[in-house]
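Remember, it's 1-based here, ligands and their atoms both numbered in the order they're listed.
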Amino acid sequence: MYAIGVKRDTSGPQLLEIPRPEPAPGEALVRTLRVGVDGTDHEVLDGTHGGFPAEEEHLVLGHEAVGVVEEPNDTEFNRGDVVVPTVRRPPAGGNEYFERGEADMAPPEATLERGIDGAHGFMSEYFTSPAEYLIDVPDRLAEYGFLTEPVSISEKALELARQSRAGFSWVPETALVLGNGSLGLLTVAMLVEEMETYCLGRRDRSDPTVDVLDMLGATYVDGRETPVSEIPNRYEAPDLVYEATGYAEHALTGVQALAPNGVAALLGLPGPDERSVDLGAYHKDLVMHNKAVVGSVNSGPRHFRAAAETLDGLDATFLDALVTTLADYREFESAFATDASTIKAAVQFHEF
Ligand code: NDP
């Protein structure tokens with residue numbers, strides 16, 4: 001069968017011919033429908049994040065997938081069920097995080113991540129997975145179900161943020177999403193019905209991501225004109241900040257911009273960024289204004305189930321505008337483009 005992967009000795013994604021996997025006991029064989037591409041895939045391709053499976057010369061890419069059960073094998077699934085796989089898998093010997101069903105809380109050294117770090121991903125005509133890592137979703141998610149994984153990332157981060165404010169009466173009225181990539185835009189779509197939502201980017205109009213923000217009814221903030229530190233004065237101080245830029249300064253300015261009792265959720269993966277800051281003022285502001293900061297990575301089965309429900313409720317016009325590229329696996333190159341017209345891309349392997 002064909003797969004899209006990266007090899008140790010060459011750069012860039014390529015079409016690989018590899019054996020079709022055989023499901024082991026407790027595993028189902030899944031016929032892949034679509035697999036999304038995100039910022040993390042580009043980091044894997046750049047070699048700045050993740051790594052190859054031990055003693056293998058290639059890594060099959062892809063961690064945002066939707067497929068159909070082809071062979072249920074001895075699992076509880078039926079042939080034809082639409083499923084979405086979770087990403088993390090236990091390293092040899094397993095560990096307490098996986099035993100507790102909290103793989104998403106494992107530190108990086110205590111987990112493998114399919115398509116990212118140490119385990120093959122889902123960007124292939126078929127893949128196998130233990131049943132416990134497959135989430136059953138409605139058939140109508142066959143088309144956009146690959147977005148369940150990124151939505152689940154925000155389900156977890158927003159859950160952690162809300163839980164950090166659960167000790168008092170917290171009714172967020174304003175959110176600031178930093179980053180107008182696919183994760184930022186999906187999060188705006190999740191928040192905008194509930195609260196006034198601003199989204200910071202660094203693009204000139206006209207731009208497809210800004211058009212999507214207009215369509216959603218969110219306010220676009222051009223960070224080159226209005227940096228995060230100016231947002232409370234120019235607009236209003238947000239109760240919730242969701243950082244999806246990977247720009248390290250936002251971990252500081254996002255917290256400073258918060259309204260009293262607010263919370264900032266940090267999602268981005270920045271590179272090294274050294275600078276001089278007044279840590280005393282930062283520390284005192286956190287304390288005196290009862291602010292919170294949460295870091296959040298990955299997501300668990302509970303978040304995937306919530307995400308499938310959220311995705312099912314999102315407007316079809318928004319999803320059509322968000323997914324700008326759908327490439328057949330034999331002509332996959334356009335799914336890895338990084339031009340300004342691409343928001344979210346996916347590779348298609350089979351029709352439902
Ligand atoms: P993208 O690269 O698609 O989006 C990042 C967006 O942030 C881009 O639109 C970029 O704008 C914008 N941006 C970057 N720097 C700035 C800045 N200084 N000011 C304003 N806008 C800025 O990535 P994703 O949406 O896929 O993911 C967002 C981040 O979240 C990434 O860092 C990714 O690694 C991380 N991530 C974390 C996960 C987790 O579990 N914690 C899971 C998935 C992703 P432009 O395009 O114009 O350059």
Report task. Report the distance from atom CZ of Arg140 to atom CZ of Phe352, rounding to the nearest 0.5 Å. Result ->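 Going from CZ on Arg140 over to CZ on Phe352, the span is 11.5 Å.
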Quick test of your reading of the structure: of [options], whose heavy atom lies closest to [atom]?
| atom | options | answer |
| --- | --- | --- |
| atom 6 (C) of ligand 1 | Gly181, Gly271, Ser152 | Gly181 |
| atom 10 (C) of ligand 1 | Asn180, Val37, Thr245 | Asn180 |
| atom 42 (C) of ligand 1 | Ile153, Val177, Leu200, Asp339 | Ile153 |
| atom 36 (N) of ligand 1 | Leu267, Thr209, Leu178, Leu185 | Leu267 |

Numbering as shown, the atoms of ligand 1 that approach [X] to under 4.0 Å (heavy-atom distance):
| X | result |
| --- | --- |
| Leu269 | 32 (O), 34 (O) |
| Gly246 | 32 (O) |
| Glu43 | 34 (O) |

**Report entry** Within the 6.0 Å centroid threshold, strictly below: His350 and Tyr126
**Finding:** yes
Query raised in the report: Will you find, in the side chains of His63 and Glu113, an N or O donor that is under 3.5 Å from an N or O acceptor?
Result: no
Report task. For ligand 1, indicate whether the residue Pro150 contacts it via side chain, backbone, both or neither (heavy-atom separation under 4.0 Å). Result -> neither
Report summary line: Short version for Glu249: what comes under 4.0 Å of ligand 1, heavy atoms counted, is neither
Query raised in the report: Ion pair present between Glu149 and Arg114, side-chain N to carboxylate O less than 4.0 angstrom?
Result: no
Report task. May I have the step-by-step check of salt bridge (Lys or Arg N to Asp or Glu O under 4.0 Å) for Asp222 and Arg224, ending in yes or no? Result -> CA-CA 5 Å; Asp222 184 340; Arg224 297 165 301 181; 2.8 Å; yes
